[in-house]
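Accompanying notes for the structure given below.
Both counts, for ligands and for their atoms, begin at 1 and track the order of listing. Note that the structure is predicted; figures quoted are calculated from it, not measured.
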Amino acid sequence: MISTTSYTSESLIIEGGFKLKGKVRISGSKNASLPIIMSTLLTKETCHIEDVPDLLDVKNSVELLRLLGAQVIQGPNFLTIDASKVNSYIAPDYLVRRMRASVLAMGPLLARFKKAVVAMPGGCSIGVRAIDQHLKVFEKAGAHIKVQHGYIHLELKDIKPVEYTFEVVTVTGTENALMFLSMCEKRSILRNIAIEPEVMDLIEVLRKMGASIQVEGRTAIIRGCSELGGFTHRVIPDRIEAGTFLVAGFMTKGDIELENVRVDHLGSVIEKLKEAGAHIEVYGTDRIRVYSKGNGIKPLSISTSEYPGFPTDMQAQFMAMCCLADGWSDITENIFENRFQHVAELKRMGADIYVKGRTAFIRGVEKLTGAEVFSTDLRASASLVLAGLVAEGKTIVRDIYHLDRGYERLDEKLRNLGALIERKASYE
Ligand code: EPU
């Protein structure tokens, strides 16, 4: 099958040294939108999702839904989805390769059609990213699972209620299980679930659809319905985009205000920024200002963990900041085994970093210098943009396809805050 979406490999050209100033609106969350979009497969009623970011991953999700037979109206930052005529339960290889989150179709398809065929996701640049925990839940519910020609085939008669303790905390694993079990009328219990805000947003949607889900600590008790209803929902603001702008504001010694944030989702990020010397002011529950009084950046010790701990998705951006700190910082990555690919690129810009096992040790340097660097994954790309904003001279960030998967108009937003940044076709 031939993909209908084409990807141009573009670059960002950044002239460093400008302080960010002004206001920026944070978009709806990518990682909340993706499972919510897939949850529409659970119902024959119309669903309306608001504040959906305009991103490649969202376009890919819409492409998958349409391929399965859903009708999707895509407006500026909203989606209206009618999955009543979905007549396929196959998620093809080329889409799963393009977007790993396509595995989120597995739970809803299996629940609705009692069958699902989903291409086996491979590893990705940040690690192996197994899905054994997703499959264990389906298996416990009575699914027969086999892998053939690169596809996972799942089939079951009736959804049996499940009692399962996740062996690792997994975000999409929890989401797949919750969507799936929302169509099981009997009571299921999931323990050791992920409680990321994106998971909680999906739970709110599933409740709107008619499922009863109680969460206490890391335990969820789910009582579903055989027929789920439609919903209207506004996705939560993107806490990782917000975190990225907070770091950018402080690193550039600027003064910016973020609108449309959930301050309560940013706890560990705010704490670390304050520790680094950032001044943070919170206005109500949805606005936050970050500024620097021109003081230096204090070194940090960071260890990533599941929410409410420090997010792995913010690790690369903080590393870019620590490159300029007054002393040694250390960052330990506990979630993914290969999420330090930005290190080599940051070193090309003059950073002093060495990695030992899961920990990167960063010695702050006087300055970074602009260089030609390559994006390897989404958050790594963001860290290179941040480094480019403070580096001396010109930075070219190549292959920003990853960045466009997860940040809505990042270059435009930064430009509006005073950054000198432009997008060009690569090798132009
Ligand atoms: N894992 C297993 N077995 C499983 C599932 C996960 O061993 O069945 C392991 C993974 O290999 C990994 C760890 O558990 O080492 C955590 O993986 P998780 O399943 O939580 O990650 P994910 O659900 O695939 C989501 C986000 C990621 C984010 C992680 C961690 C989406 C679409 N993706 O991935 O977001 O980093 O949770 O918070 O929600 C990003 O936005 O840049 C991004 C990578």
Before accepting this row, confirm whether a basic side-chain N of the pair [X]/[Y] lies closer than 4.0 Å to the acidic partner's carboxylate O.
X: E372; Y: R398; value: yes
X: E198; Y: R239; value: yes
X: R66; Y: E63; value: no
X: D411; Y: K424; value: no
X: K59; Y: D404; value: no

| message | When you measure from the side chain of Q133 to the backbone of E167, do you find a donor-acceptor pair of N or O atoms at a distance under 3.5 Å? | response | yes
Write out each pair where an N or O from ligand 1 and one from the protein are under 3.5 Å apart, with the distance.
from, atom 1, to, atom 2, distance (Å)
ligand 1, 3 (N), D132, OD1, 2.8
ligand 1, 8 (O), A130, O, 3.4
ligand 1, 8 (O), D132, N, 3.1
ligand 1, 8 (O), D132, OD1, 3.3
ligand 1, 8 (O), Q133, N, 2.7
ligand 1, 15 (O), I335, O, 2.6
ligand 1, 19 (O), T170, OG1, 2.7
ligand 1, 20 (O), V171, N, 2.8
ligand 1, 23 (O), T172, N, 2.8
ligand 1, 23 (O), T172, OG1, 2.6
ligand 1, 24 (O), R129, NH2, 3.0
ligand 1, 34 (O), R129, NH2, 3.2
ligand 1, 35 (O), N31, ND2, 3.1
ligand 1, 35 (O), D313, OD2, 3.3
ligand 1, 36 (O), D313, OD1, 2.6
ligand 1, 36 (O), D313, OD2, 3.4
ligand 1, 41 (O), K30, NZ, 3.0
ligand 1, 41 (O), N31, ND2, 3.0
ligand 1, 41 (O), R379, NH2, 2.8
ligand 1, 42 (O), R339, NH2, 3.3
ligand 1, 42 (O), R379, NE, 2.9

